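When reading the values below, keep in mind they use all heavy atoms of this one structure, side chains included, and skip hydrogens, waters and symmetry mates. Please read all numbers here as calculations on a predicted model, not as lab measurements. All ligand and atom numbering here is 1-based and tracks the order in the structure.
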Amino acid sequence: MATTDEIIKRTAPSHLIDHNLIDREVESLCDGMVQYEKRPAKRRDGSTVDGLYNAWIIFNNPKQFNSYTTDMVKATILAFRRASADRQVNAVVFTGVGEKAFCTGGNTKEYAEYYAGNPQEYRQYMRLFNDMVSAILGCDKPVICRVNGMRIGGGQEIGMACDFSVAHDLANFGQAGPKHGSAAIGGATDFLPVMIGCEQAMVSGTLCEPFSAHKAARLGIIADVVPALKVGGKFVANPTVVTDRFLDEYGRVVHGEFRTGTQFKEGQAMIKEGEIDLSLLDQKVEELCAKLLDTFPECMTKSLEELRKPKLNAWNQNKENSRAWLALNMMNEARTGFRAFNEGTKETGREIDFVKLRQGLAVGTPWTEELVDSLMPQAAR
Ligand SMILES: CC(C)(COP(=O)(O)OP(=O)(O)OC[C@H]1O[C@@H](n2cnc3c(N)ncnc32)[C@H](O)[C@@H]1OP(=O)(O)O)[C@@H](O)C(=O)NCCC(=O)NCCSC(=O)C1=CCCCC1=O
């Protein structure tokens with residue numbers, strides 16, 4: 001009987017049709033700010049497999065916490081299409097450069113300096129943003145978000161669109177929308193209720209308070225969490241977070257909550273002194289890729305399609321209306337909030353005086369250029 005290798009050699013077509021839409025390098029669309037790499041797939045024992053790969057899609061804008069510009073969004077859509085169509089690709093790993101941030105969402109500089117007050121332009125941008133989320137949810141390969149750091153705002157939204165998330169435990173998660181002039185309707189309001197339930201979704205989507213990776217694991221937003229901080233050559237859990245007990249003296253769950261006061265400060269100092277090592281994160285990601293490799297490929301894709309439905313159905317129901325609302329919102333609250341973040345500093349703060357704005361609106365003050373300027377942090381203080 002012929003071996004499988006001999007049969008493959010004899011029967012595979014000599015010419016393969018390319019199903020990509022365009023024949024262009026991902027990097028060329030965005031000055032290398034999104035990288036696309038095919039890394040050899042590995043078996044569970046760590047050995048490399050011939051002719052099979054995992055596609056790594058990497059945001060490369062670390063100075064701005066891997067926030068995505070319009071060009072990066074375009075490149076990301078192309079990257080996911082490429083990985084989806086590539087017969088040699090087992091799984092996609094979506095991550096960012098460095099250890100500080102996976103992604104903190106849309107680029108607030110571009111929002112403030114180009115899109116603010118320009119709803120028709122932002123509507124075009126939102127076409128691309130929506131296509132990026134849909135490209136993740138429509139990828140024929142399992143998508144793993146390798147959470148190499150903060151996952152905030154639109155970063156959390158594209159992260160939650162992925163099938164699995166594995167994080168290092170110094171990463172924070174959360175939304176920024178209502179604090180910065182937006183609503184978290186780029187996926188979060190669709191995904192959060194189905195992933196963590198309506199109550200916790202409400203807390204995250206409205207209050208915009210960051211939460212730890214340990215809490216993200218407890219809530220069920222991520223599949224796994226690993227330590228990244230090394231002190232004296234040994235891995236330790238994030239020292240700014242409670243990880244040594246589950247309940248407080250009143251029986252309330254405290255595991256994964258941030259420590260407070262002096263304990264928090266001591267934790268921060270420990271992080272500063274220690275060394276960050278992402279090797280355990282990479283190990284977990286590779287392990288997951290290897291498990292996915294050990295399955296029938298079409299059964300895997302069908303399983304993904306079915307298991308994505310709760311997220312996908314919510315997303316498809318809302319994405320076009322959300323796009324229109326977000327575009328018009330660029331005339332007032334987004335224009336104000338993103339400018340405030342962009343123009344403010346650590347000294348002045350980067351948010352507006354919400355009470356002042358609410359007081360003005362409460363007596364019918366219209367949105368004017370003058371009102372917006374007066375709300376900027378440097379003007380108010
Ligand atoms: C809370 C933060 C994520 C982190 O705070 P902190 O740790 O204090 O760091 P910073 O000093 O604020 O940031 C370090 C530098 O990175 C720059 N940065 C951070 N995030 C962005 C960004 N999103 N775009 C551009 N630049 C960014 C920051 O300016 C600093 O650089 P500098 O040169 O000034 O020192 C905090 O950074 C934060 O809140 N960031 C903004 C988060 C945000 O508002 N994101 C956009 C949300 S809206 C969105 O993503 C949407 C998606 C689609 C649908 C519509 C929509 O609104």
Side-chain angles (χ1 to χ4, degrees), residues 33 59-73 76-77 96-116 119 121-134 136 147 149-161 170-191 204-205 207-212 240 258 268 271-272 315 318-330 333-352 377-378:
M33 285 164 81
F59 279 171
N60 181 22
N61 183 16
K63 280 197 181 130
Q64 294 179 313
F65 278 11
N66 289 322
S67 56
Y68 44 78
T69 60
T70 307
D71 283 346
M72 288 170 70
V73 175
T76 306
I77 298 166
V97 165
E99 79 277 333
K100 277 249 164 348
F102 161 65
C103 175
T104 58
N107 188 278
T108 48
K109 187 168 166 61
E110 193 179 56
Y111 280 11
E113 294 177 4
Y114 184 75
Y115 291 116
E121 287 297 293
Y122 197 61
R123 196 173 153 90
Q124 299 265 24
Y125 166 89
M126 279 307 300
R127 168 83 289 131
L128 294 168
F129 176 85
N130 280 0
D131 286 353
M132 171 166 69
V133 175
S134 296
I136 300 168
V147 191
M150 267 179 235
R151 202 172 85 171
I152 302 286
Q156 168 79 327
E157 296 182 310
I158 55 178
M160 288 190 294
L170 302 175
N172 287 346
F173 293 75
Q175 297 308 141
K179 287 271 183 204
H180 290 173
S182 192
I185 55 178
T189 51
D190 302 309
F191 306 148
S204 175
L207 302 182
C208 307
E209 291 168 346
F211 52 92
S212 75
T240 63
F258 289 114
Q268 281 183 313
I271 295 175
K272 258 199 183 143
W315 169 246
N318 299 320
K319 65 182 183 195
E320 294 307 318
N321 290 337
S322 298
R323 176 186 175 221
W325 184 88
L326 284 165
L328 290 175
N329 184 54
M330 263 297 168
E333 293 192 1
R335 174 188 184 187
T336 311
F338 289 125
R339 267 193 57 195
F341 184 79
N342 192 45
E343 293 169 27
T345 60
K346 288 256 186 261
E347 290 70 44
T348 61
R350 306 182 87 166
E351 288 170 9
I352 67 153
Q378 65 279 18

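- At least one test fails for Arg151 against the ring of Phe173: distance under 6.0 Å to the centre or angle within 45° of the axis.
- Applying the side chain to side chain contact (heavy atoms under 4.5 Å, CB included) test between Val73 and each of Ile158, Leu128, Asn130, Val133 identifies Leu128 as the sole match.
- For Arg335, the side-chain hydrogen bond (donor to acceptor under 3.5 Å, both in side chains) partners are Glu369, not counting sequence neighbours.
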task = Take Thr70 and Tyr114 through the side-chain hydrogen bond (donor to acceptor under 3.5 Å, both in side chains) test and state the conclusion after the steps.
result = CA-CA 11 Å; Thr70 307; Tyr114 184 75; over 6 Å; no

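- The side-chain hydrogen bond (donor to acceptor under 3.5 Å, both in side chains) search around Tyr122 returns Tyr111, not counting sequence neighbours.
- Screening residues 177-189 for side chain to side chain donor-acceptor pair (under 3.5 Å), with sequence neighbours left out, gives no hits.
- Taking a heavy-atom cut-off of under 4.0 Å, ligand 1 is surrounded by Lys63, Gln64, Phe65, Ser67, Tyr68, Thr104, Gly105, Gly106, Asn107, Thr108, Tyr111, Tyr122, Met126, Phe129, Met150, Gly154, Glu157, Ala176, His180, Ser182, Leu326, Phe338, Phe341, Lys346, Arg350.
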